[in-house]
Q: 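One structure, pasted below without further comment.
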Amino acid sequence: MVAPSPGSKMQIQSYKHNGQLHRVWENSLVLKGTESIVIGANDKTQVTESDGRSWVTREPAICYFHAKYWFNIIGMLRTDGIYYYCNISSPFVFDEEALKYIDYDLDVKVYPDMTYDILDEDEYDDHRIQMNYPRVLDRILHNNLDYLLRWIRQRKGPFSPDFVDEWYERYLTYR
């Protein structure tokens with residue numbers, strides 16, 4: 001797998017288990033790119049949905065992708081603190097076209113006080129049946145959800161107190 005170069009722009013593409021393109025983010029700036037971790041940043045980035053609708057993100061965000069873990073984490077810098085949106089997903093792959101992953105519907109929204117809500121459990125159950133997720137995949141996804149929740153409680157990785165701020169400062173040096 002090729003690693004994206006820091007300072008380069010990348011597109012982010014999420015898919016569903018059945019291979020259908022789900023959502024595309026244009027022009028995220030690569031801050032760190034290795035074979036196992038990609039950290040990107042974007043602000044007021046165009047996002048296109050699978051049905052063709054598009055919208056623009058409202059605030060700066062630091063995006064964390066890992067090639068080992070079945071989740072990705074977006075830290076959004078808002079006036080009242082850092083909010084996190086975490087997708088339970090496949091590990092990322094990166095090719096010349098884009099950073100890509102499969103979105104498995106389960107999400108975790110984390111608030112500035114580090115409380116959180118697990119979202120879209122009904123959507124996950126519907127898609128698990130419709131797309132016939134193998135039992136082993138269901139187990140992997142729930143184990144990684146548990147692992148992600150431990151990271152949140154322990155303030156580990158992107159949830160550590162200075163992670164988003166430090167990467168945002170680096171992002172500003174490119175602008």
Q: Which label fits Y147 and F71: parallel for a plane angle under 30°, tilted from 30 to 60°, or perpendicular past 60°?
A: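 Y147 vs F71 ring planes: tilted.
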
Q: Show, in sequence, the C-alpha distance, side-chain angles and deciding distance for Y116 and Y84, and conclude whether the ring pair (Phe, Tyr, Trp, His ring centres under 6.0 Å) test is met.
A: CA-CA 9 Å; Y116 59 84; Y84 298 88; over 10 Å; no

Q: Just by distance, with hydrogens left out, do Y133 and H127 show a side-chain donor and acceptor under 3.5 Å apart?
A: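 Their side chains do not contain a donor-acceptor pair, so the 3.5 Å distance test is not met.
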
Q: Grouping I, L, V, M, F, W and Y whenever their side-chain heavy atoms are under 4.5 Å apart, do F92 and L137 come out in a common cluster?
A: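 In one cluster with F92: L137, no.
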
Q: Nearest 0.5 Å, please: how far is NZ in K109 from OG1 in T115?
A: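 Those atoms lie 10.0 Å apart.
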
Q: Give the minimum heavy-atom separation between C86 and L148, together with the two atoms involved.
A: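 Closest pair (atom of C86, atom of L148, distance): CB-CD2, 3.6 Å.
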
Q: Can you tell me how far the OG atom of S89 sits from the NZ atom of K16, to the nearest 0.5 Å?
A: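 The OG atom of S89 sits 10.0 Å away from the NZ atom of K16.
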
Q: What is the distance from atom CZ of R155 to atom CE of M114, rounded to the nearest 0.5 Å?
A: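 The distance works out to 4.5 Å.
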
Q: We want to know whether Y69 and N144 form a side-chain donor-acceptor pair, criterion being a heavy-atom distance below 3.5 angstrom.
A: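 No.
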
Q: What is the distance from atom CG of D80 to atom CG of D113, rounded to the nearest 0.5 Å?
A: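 It is 10.5 Å, given to the nearest 0.5 Å.
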
Q: Would you call D138 and R135 a salt bridge, using N to O less than 4.0 angstrom?
A: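 Here D138 does not pair with R135 in a salt bridge, since their nearest N and O are not under 4.0 Å apart.
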
Q: Working to the nearest 0.5 angstrom, can you tell me the gap between K100 NZ and M10 CE?
A: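 Between atom NZ of K100 and atom CE of M10 there are 13.0 Å.
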
Q: Please output the side-chain donor-acceptor pairs of residues 46-67 that fall under 3.5 Å, not counting sequence neighbours, one pair per line with the distance.
A:
unit_1: E49; atom_1: OE1; unit_2: R23; atom_2: NE; d: 2.9
unit_1: E49; atom_1: OE1; unit_2: R23; atom_2: NH2; d: 3.0
unit_1: E49; atom_1: OE2; unit_2: R23; atom_2: NE; d: 3.0
unit_1: E49; atom_1: OE2; unit_2: W55; atom_2: NE1; d: 2.7
unit_1: D51; atom_1: OD1; unit_2: R53; atom_2: N; d: 3.0
unit_1: D51; atom_1: OD1; unit_2: R53; atom_2: NE; d: 3.4
unit_1: D51; atom_1: OD2; unit_2: R53; atom_2: NE; d: 2.9
unit_1: T57; atom_1: OG1; unit_2: K44; atom_2: N; d: 3.1
unit_1: T57; atom_1: OG1; unit_2: T45; atom_2: N; d: 2.9
unit_1: E59; atom_1: OE1; unit_2: R78; atom_2: NE; d: 3.0
unit_1: H66; atom_1: ND1; unit_2: K68; atom_2: N; d: 2.9

